[in-house]
Amino acid sequence: MFAWLIPGGGHLFLARWKRGLIFLATVSLLFAVGLWMDGRLFGLTPGFFGLLKFVAGISTGLLYLVGRGIGLGAGDITAYGYEYGNT
């Protein structure tokens, strides 16, 4: 549960502080950079690839839930960084 809720949370729970903090910082930074580059947070959409996009996003746990909750991740398909932000 900790591992899904907070990136690196499973390692932090097991008292592997260094590894847990590295995962937390890395995933959080990449999440923020993806949003900064006008990436999109995908909701649950029909089809197999829609499901994959949703699972990839929700796997970041609280980052995804808070981002969607405050309205981030709308994505701008005309932005130069859109594809990189989604990746």
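Since this is a predicted model, take the numbers as computed values, not measurements.
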Nearest non-hydrogen partners of [X] and [Y], listed with the distance:
{"X": "Gly73", "Y": "Leu35", "result": "CA-CD2, 3.6 Å"}
{"X": "Leu41", "Y": "Arg68", "result": "O-NH1, 2.8 Å"}
{"X": "Leu63", "Y": "Pro7", "result": "CD1-CG, 4.0 Å"}
{"X": "Gly57", "Y": "Thr60", "result": "O-OG1, 2.8 Å"}
{"X": "Leu12", "Y": "Trp17", "result": "CD2-CE3, 3.6 Å"}
{"X": "Leu65", "Y": "Trp4", "result": "CD1-CH2, 3.8 Å"}

*Supply the members, apart from Tyr82, of the Ile/Leu/Val/Met/Phe/Trp/Tyr cluster built from side-chain contacts under 4.5 Å; use none for a lone residue.*
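Tyr82 shares its hydrophobic cluster with Phe42, Ile77.
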
_If hydrophobic clusters are built from ILVMFWY residues whose side chains come within less than 4.5 Å, do Phe31 and Ile70 share one?_
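Both belong to a single hydrophobic cluster.
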
*About how many Å separate CZ of Phe23 and NZ of Lys18, when rounded to the nearest 0.5 Å?*
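Here the rounded value is 12.5 Å.
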
*Between CG on residue Leu14 and CZ on residue Arg19, distance to nearest 0.5 Å*: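 Rounded to the nearest 0.5 Å, the CG-CZ separation comes out at 10.5 Å.
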
*Ignoring hydrogens and geometry, is there a side-chain-to-backbone donor-acceptor pair from Ser59 to Ala56 under 3.5 Å?*
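Checking the backbone N and O of Ala56 against the side chain of Ser59, a donor-acceptor pair under 3.5 Å is found.
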
*Do any N or O atoms from the side chain of Asn86 and from the backbone of Arg40 form a donor-acceptor pair under 3.5 angstrom?*
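Answer holds: yes.
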
*Could you check if a side-chain atom of Tyr64 sits within less than 4.5 angstrom of a side-chain atom of Phe54, using non-hydrogen atoms only?*
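Yes, side chains in contact.
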
*Which of parallel (below 30°), tilted (30 to 60°) and perpendicular (above 60°) describes Phe13 and Phe2?*
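If you compare the ring of Phe13 with that of Phe2, the planes turn out parallel.
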
